[in-house]
Amino acid sequence: MTDPIAEIAPSPASTAPVRLPVERANCEQWDMTSESTGRTYRVYVAKPEWAGDPPPEGFPVIYLNDADFIFHTFADTLLMQAVGLELKPAYLVGIGYGKDWAFASRARCADLLPTQPDAATLAGLEASPITQGAIYGDAENFHRFMIEELRPLIDTTYATDRRNNILWGDSFGGLFALHVLFNHPAAYQTYLVGSPSINWSGGAILDDEIKLTAPVAAGEVAPRVLFTLGELEEKLADHVPVHPGVTREQMQAMLTSFAMVTNAVALAGRLRALEAPAPCEVEAIVFENETHLSVFPAAISRGLRFALRL
């Protein structure tokens, strides 16, 4: 007797799917080589086309570093909350490298760090295959790329609100955001500073903090700043294993010395206390039971709500 199921079942060869690169609606990307840094970047743009015609002033723009790692997570969160009328629609402009994570891990050391590492830190970085051979301390030229090369292209291509630019960065990217805030505070109106590596190069970034005092006091700038951190960035999580040859006590001592949470919360307090015609809007949120890596979704969600408040 003939099996009727066998007769109608297609052969494996006839049903093999055609595999294509993933595409994302309302998004585009391109590569551009910077005259400021000499490096080539992959630029990702998520467009709020679903929101209809732009308002007369245009849509705000969020500039996102480390886009190779988190562009899609950020774009999904922005889309869902904006469609739900919880925040303003906005363009998301991600800057990455379009290569693998190892390449991005090395390249970001040049672009996001404003100073060189100390000798002990450099030795540790050179011992890691993730950062071995990286260069450091070119953040100022990367800032020039973003402001002088990328932003004019974005503003002439899309319907942007040129008075509402937002910078987001995490870890080394958070340190980069502080470098821009202290040295070029008018470059962005809102700074979303995730888990900033304030301890880098012995806390050298804090030497620039004083530069923000005069323009804020004069009412020339009034930046909005949100710090986001995970509680477990300074307290070793029970579920996180340590590297071979390192005890949990040694790992905890390292986290304590980095003082990721302590440094950022203290800086937020100082910025909030700056004398100004109107107090600066500065917040610091420490998310319970989140590590340096697991805090991303929460930080993105709250950052968007802070930056794009209706």
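For clarity, every value in this text was computed on a predicted model and none was experimentally measured.
For the pair Val193 and Gly174, the tightest heavy-atom approach, listed with the atom from each and the gap, is CG1-O, 3.6 Å. Across every non-hydrogen atom of Asn26 and Trp50, the tightest pair is ND2-CD1, 4.3 Å. Annotation for Thr228 and Ala299: closest pair OG1-CB, 3.4 Å, computed over non-hydrogen atoms. Closest of all the heavy-atom pairs between Pro54 and Gly58 is CB-CA, 4.5 Å. Shown here for Asp161 and Pro60, the closest heavy-atom pair between the two residues is CB-N, 4.0 Å. Of all the heavy atoms in Val286 and Gly230, the pair that sits closest is CG1-C, 4.1 Å.
In this structure, Val221 and Val216 have side chains that are in contact, with non-hydrogen atoms separated by less than 4.5 Å. Looking at Val242 and Thr247, their side chains never come closer than 4.5 Å, going by heavy atoms from C-beta outward. You'll find the side chain of Arg151 stays beyond 4.5 Å of the side chain of Met146, heavy atoms only. Here the side chains of Thr73 and Phe296 are not in contact, with every heavy-atom distance at 4.5 Å or above. Leu150 places a side-chain heavy atom less than 4.5 Å from the side chain of Val93. Here the side chains of Leu78 and Leu87 are in contact, with some heavy-atom distance below 4.5 Å. Looking at Ser105 and Phe69, their side chains come closer than 4.5 Å, going by heavy atoms from C-beta outward. Here the side chains of Phe71 and Cys27 are in contact, with some heavy-atom distance below 4.5 Å.
Counting only distance, with no hydrogens or angles, the side chain of Ser201 and the backbone of Ala204 share no donor-acceptor pair below 3.5 Å. Between the side chain of Glu231 and the backbone N or O of Asn289 there is at least one donor-acceptor pair closer than 3.5 Å. Without hydrogens or angle criteria, Ser294 side chain to Glu290 main chain gives no donor-acceptor distance under 3.5 Å. For the pair Ser171 (side chain) and Gly173 (backbone), a donor-acceptor distance under 3.5 Å is absent. Of the possible donor and acceptor atoms, one in the side chain of Ser128 sits under 3.5 Å from a partner among the backbone N and O of Ile130. The backbone N or O of Pro185 lies less than 3.5 Å from a partner atom in the side chain of Tyr191, making a donor-acceptor pair. Using a distance-only test at 3.5 Å, with no hydrogens or angles considered, no donor-acceptor pair links the side chain of Thr121 to the main chain of Pro117. Judged by distance alone, the side chain of Trp168 and the main-chain N or O of Ile62 form no donor-acceptor pair under 3.5 Å.
Atom CE of Met254 has more than 12 neighbouring heavy atoms from other residues, nucleotides or ligands inside a 6.0 Å radius. No more than 12 heavy atoms of other residues, nucleotides or ligands sit less than 6.0 Å from atom CD of Glu35. Taking a 6.0 Å sphere around CG of Asp31, one finds it holds more than 12 heavy atoms contributed by other residues, nucleotides or ligands.
Going from atom CE of Met260 over to atom CG of Leu232 covers 12.5 Å, rounded to the nearest 0.5 Å. For the atom pair CG of Leu255 and CZ of Arg248, the computed distance is 10.0 Å after rounding to the nearest 0.5 Å. Taking CG from Asn165 and OG1 from Thr160, the interatomic distance works out to 7.0 Å, rounded to the nearest 0.5 Å. One finds the OG1 atom of Thr115 at 12.0 Å from the CG atom of Asp138 (value rounded to the nearest 0.5 Å). Put simply, CG on Asn183 and CG on Asp208 are 4.5 Å apart, with the number rounded to the nearest 0.5 Å. To the nearest 0.5 Å, atoms CZ (Phe74) and CG (Asp76) are separated by 11.5 Å.
Side-chain contact annotation: Thr291 with Glu233, donor-acceptor N/O pair under 3.5 Å absent. Judged by distance alone, the side chains of Glu140 and His179 do bring a donor and an acceptor atom under 3.5 Å apart. Between the side chains of Thr131 and Glu126, no donor-acceptor pair of N or O atoms lies under 3.5 Å.
Under the salt bridge (Lys or Arg N to Asp or Glu O under 4.0 Å) criterion, Asp118 pairs with no residue at all, not counting sequence neighbours. Contacts of Tyr41 classified as ring-ring contact (aromatic ring centres under 6.0 Å, His included), with partners at least two apart in sequence or in another chain: Tyr97, Phe142, Phe145. Remark: Thr262 engages Glu234, Ala259 in a side chain to side chain contact (heavy atoms under 4.5 Å, CB included) (not counting sequence neighbours). Under the rule for a side chain to side chain contact (heavy atoms under 4.5 Å, CB included), Pro297 has no partner lying at least two apart in sequence or in another chain. In this structure His292 satisfies the ring-ring contact (aromatic ring centres under 6.0 Å, His included) test with no other residue, sequence neighbours excluded.
Under the 4.0 Å criterion applied to side-chain N and carboxylate O atoms, Asp111 and Arg39 are assigned as salt-bridge partners. Lys99 and Asp68 are not joined by a salt bridge, as no carboxylate oxygen comes within less than 4.0 angstrom of a charged side-chain nitrogen. Ion pairing between a basic and an acidic side chain is recognised when a charged N comes within 4.0 Å of a carboxylate O; Arg106 and Asp100 show no such pairing. With respect to the salt-bridge test (charged N to carboxylate O, under 4.0 angstrom), the residues Arg144 and Glu149 do not qualify.
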When the side chains of residues 301-310 are checked against the rest of the protein, which donor-acceptor pairs come out under 3.5 Å, sequence neighbours left out?
residue : atom : partner : partner atom : Å
Ser301  : OG   : Gln81   : NE2          : 2.8
Arg309  : NH1  : Glu281  : OE2          : 3.2
Arg309  : NH2  : Glu281  : OE2          : 3.0

Take Leu178 and Leu206 through the test side-chain contact (heavy atoms from CB on, under 4.5 Å) and record every step on the way to the result. CA-CA 9 Å; Leu178 291 180; Leu206 298 180; 6.0 Å; no
Just do the side-chain contact (heavy atoms from CB on, under 4.5 Å) check on Leu274 and Thr213 with the steps written out, would you? CA-CA 7 Å; Leu274 287 176; Thr213 302; 4.0 Å; yes
Pair Asn65-Phe176, side-chain contact (heavy atoms from CB on, under 4.5 Å): steps then yes or no: CA-CA 9 Å; Asn65 291 307; Phe176 173 76; 3.5 Å; yes
Quick one, Arg24 with Tyr44, criterion side-chain contact (heavy atoms from CB on, under 4.5 Å). Give me CA distance, side-chain angles, the key distance, then yes/no. CA-CA 11 Å; Arg24 186 183 182 94; Tyr44 308 83; over 6 Å; no
Under the salt bridge (charged side-chain N to carboxylate O under 4.0 Å, His left out) rule, what do Arg270 and Glu209 come out as? Steps first, then yes or no, please. CA-CA 10 Å; Arg270 295 194 300 273; Glu209 182 183 344; 2.8 Å; yes
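Note on Trp200 and Val261: same hydrophobic cluster, where clusters join Ile, Leu, Val, Met, Phe, Trp and Tyr whose side-chain heavy atoms are under 4.5 Å apart, directly or indirectly. Hydrophobic clustering (side-chain heavy atoms under 4.5 Å, transitive across Ile, Leu, Val, Met, Phe, Trp, Tyr) groups Ile154 together with Met32. Note on Leu167 and Phe182: same hydrophobic cluster, where clusters join Ile, Leu, Val, Met, Phe, Trp and Tyr whose side-chain heavy atoms are under 4.5 Å apart, directly or indirectly. Note on Leu175: it does not cluster hydrophobically with Ile300, by side-chain heavy-atom contacts below 4.5 Å among ILVMFWY residues. Side-chain heavy atoms closer than 4.5 Å link hydrophobic residues (I, L, V, M, F, W, Y) into clusters, and following such links, possibly through other members, connects Phe172 to Val225.
Cation-pi geometry between Arg162 and Phe59 is not met at under 6.0 angstrom from the ring centre and within 45 degrees of the axis.
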